[in-house]
Amino acid sequence: MSNIAFIGTGVMGAPMAGHLVAAGHAVTVYNRTRARADAWAAKYGGSVAATPGEAAAGKDAVFCCVGNDDDLAEVALGADGAFGTMAADALFVDHTTVSAQIARRLAQEGGAKGLLVVDAPVSGGQAGAENGKLSIMCGGSDEAIARAAPLMQAYAARIVHIGEAGAGQTTKMVNQIALAAAVQGIAEALRFAQVAGLDTDKVFEAVSGGAASSWQMVNRWATMSEDKFDFGFAVDWMRKDLGLALDEAKRNGAVLPVTALVDQFYADVQKMGGGRNDTSSLIRRLPR
């Protein structure tokens, strides 16, 4: 059993922390909105801390899943942040999708304090977190990953060590770049079928067994055809992630014309009031 802190009990962090409890670990949580932390403790039986630093003090490992770069910097490096109270040789694992720059900064500043730091963004959405079937892409040292992996197995279907600090975050950008193009393709294909007057169930049967098939097609074709867009990962968060990818591309020289275009399509969905719709809502901007 390990003594663990988990910072951030939102739709992803709450079930992930719950899986750690189920795996037999002692878990203390912190959330900026105290009511969410209290609700988590009432459900899973862990304890609640008033600050990230209080949660992290004396723990073997600290996990984090918050909103963005600024949130992460605050809970890790701020006046009441986790790094201020963590003991040397403790583990810090960040599951937030953030920039590679902040990931490298945490690794550098954590390393100076003797901490083992892993950037470990996830894929699989809310359902993956709840079912303990997330795909985790990791950046950090071999030693840090070796310490983190047995703990992350509580909620992971796949854990891959990509490379040094920041590699997990840049790999998550790869994931979102591919996802954006895939969702747009499914949206256009489905709308074309509808406009053509085809039976979309039969179209799905015909094309989902061939080269056009994908996770998005199998899991979202039917819901998209029914105008149902409440399946976890929101457009607002996708735009944040695509923004990170586009910013990184400016730094490393990669060319992402389709990603930039789909990002603007998601902006259209936001203007339509769909910021909290899931990412398959791209189809909403296509006329019937």
Side-chain angles (χ1 to χ4, degrees), residues 10-16 18-19 65 67 95-97 121-137 155-158 172-245 258-288:
V11 296
M12 298 294 290
M16 293 161 75
H19 285 300
C65 190
H95 289 306
T96 316
T97 297
V122 302
S123 180
Q126 183 176 348
E130 292 173 349
N131 296 325
K133 299 296 183 181
L134 292 169
S135 177
I136 308 179
M137 46 217 86
Y155 44 79
R158 177 178 298 182
K172 179 60 181 287
M173 295 171 198
V174 172
N175 186 86
Q176 302 305 72
I177 291 165
L179 176 61
V183 176
Q184 178 64 19
I186 298 302
E188 292 185 15
L190 174 56
R191 189 63 92 220
F192 177 87
Q194 291 171 330
V195 172
L198 300 176
D199 182 323
T200 57
D201 290 339
K202 290 183 178 179
V203 171
F204 173 80
E205 182 181 359
V207 304
S208 64
S213 187
S214 66
W215 187 99
Q216 290 296 325
M217 177 175 284
V218 170
N219 289 276
R220 292 291 172 262
W221 180 276
T223 55
M224 291 166 75
S225 67
E226 297 170 358
D227 294 326
K228 295 180 179 178
F229 307 113
D230 186 22
F231 297 96
F233 195 68
V235 167
D236 288 343
W237 291 112
M238 186 60 161
R239 287 216 70 208
K240 183 206 78 168
D241 290 0
L242 294 181
L244 293 170
V258 174
T259 303
L261 184 61
V262 177
D263 179 56
Q264 292 307 301
F265 292 164
Y266 277 122
D268 292 342
V269 177
Q270 287 178 316
K271 292 174 184 176
M272 297 168 65
R276 300 308 301 167
N277 291 162
D278 77 80
T279 54
S280 68
S281 60
L282 271 177
I283 196 170
R284 290 183 60 199
R285 61 176 297 283
L286 298 175
R288 287 183 180 273

| Is atom CG of D230 surrounded by more than 12 heavy atoms (other residues, nucleotides or ligands) closer than 6.0 Å? | no
| Reported NZ-to-CD1 distance for the pair K172 and I177, which is rounded to 0.5 angstrom | 12.0 Å
| said: Using every non-hydrogen atom in the two residues, find where A156 and I136 come nearest and quote the distance to one decimal. | reply: CB-CD1, 3.6 Å
| query | Ignoring hydrogens and geometry, is there a side-chain-to-backbone donor-acceptor pair from K240 to G67 under 3.5 Å? | reply | yes
| query | Closest heavy-atom contact between K228 and D278? | reply | O-OD2, 4.2 Å
| request: Provide the closest heavy-atom pair for L282 versus A180 in the form atom of the first, atom of the second, distance. | output: CD1-O, 4.4 Å
| message | I'd like to know if the side chain of W221 reaches the main chain of T200, judged simply by a donor and an acceptor atom lying under 3.5 Å from each other, with no hydrogens or angles considered. | response | yes
| said: Rounded to the nearest 0.5 Å, what separates atom CD in Q270 from atom CZ in F265? | reply: 14.0 Å
| query | Who passes ring pair (Phe, Tyr, Trp, His ring centres under 6.0 Å) against Y266, sequence neighbours left out? | reply | none
| said: Would W237 and R276 count as a side chain to side chain contact (heavy atoms under 4.5 Å, CB included) here? Give the steps. | reply: CA-CA 9 Å; W237 291 112; R276 300 308 301 167; 3.5 Å; yes
| Atom CE of M173 and atom CE of M137: how far apart are they, to the nearest 0.5 Å? | 11.5 Å
| query | Which distance, rounded to the nearest 0.5 Å, do you find between the CD of Q216 and the CD1 of I186? | reply | 7.5 Å
| query | What is the minimum heavy-atom distance between F231 and R220, and which atoms define it? | reply | CB-NH2, 3.2 Å
| query | Does the pair F233 and D241 meet the rule for a side chain to side chain contact (heavy atoms under 4.5 Å, CB included), with working shown? | reply | CA-CA 11 Å; F233 195 68; D241 290 0; 3.2 Å; yes
| message | Walk me through whether V235 and F229 qualify under side chain to side chain contact (heavy atoms under 4.5 Å, CB included). | response | CA-CA 10 Å; V235 167; F229 307 113; over 6 Å; no
| Under 3.5 Å donor-acceptor, H19 side chain and A129 backbone | yes
| Greater than 12 external heavy atoms within 6.0 Å of E205's CD | no
| query | So which heavy atom on R285 is nearest to which on D268, and how close? | reply | NE-OD2, 3.0 Å
| request: Working to the nearest 0.5 Å, report the span between OG of S280 and CE of M238. | output: 11.0 Å
| remark: Taking every heavy atom of G275 against every heavy atom of A234, the minimum-distance pair comes out as O-CB, 3.6 Å
| Distance from M12 atom CE to L134 atom CG, nearest 0.5 Å? | 5.0 Å
| request: For V195 and R191, run side chain to side chain contact (heavy atoms under 4.5 Å, CB included): C-alpha distance rounded to whole Å, both residues' side-chain angles, the deciding distance at 0.1 Å, then the answer. | output: CA-CA 6 Å; V195 172; R191 189 63 92 220; 4.3 Å; yes
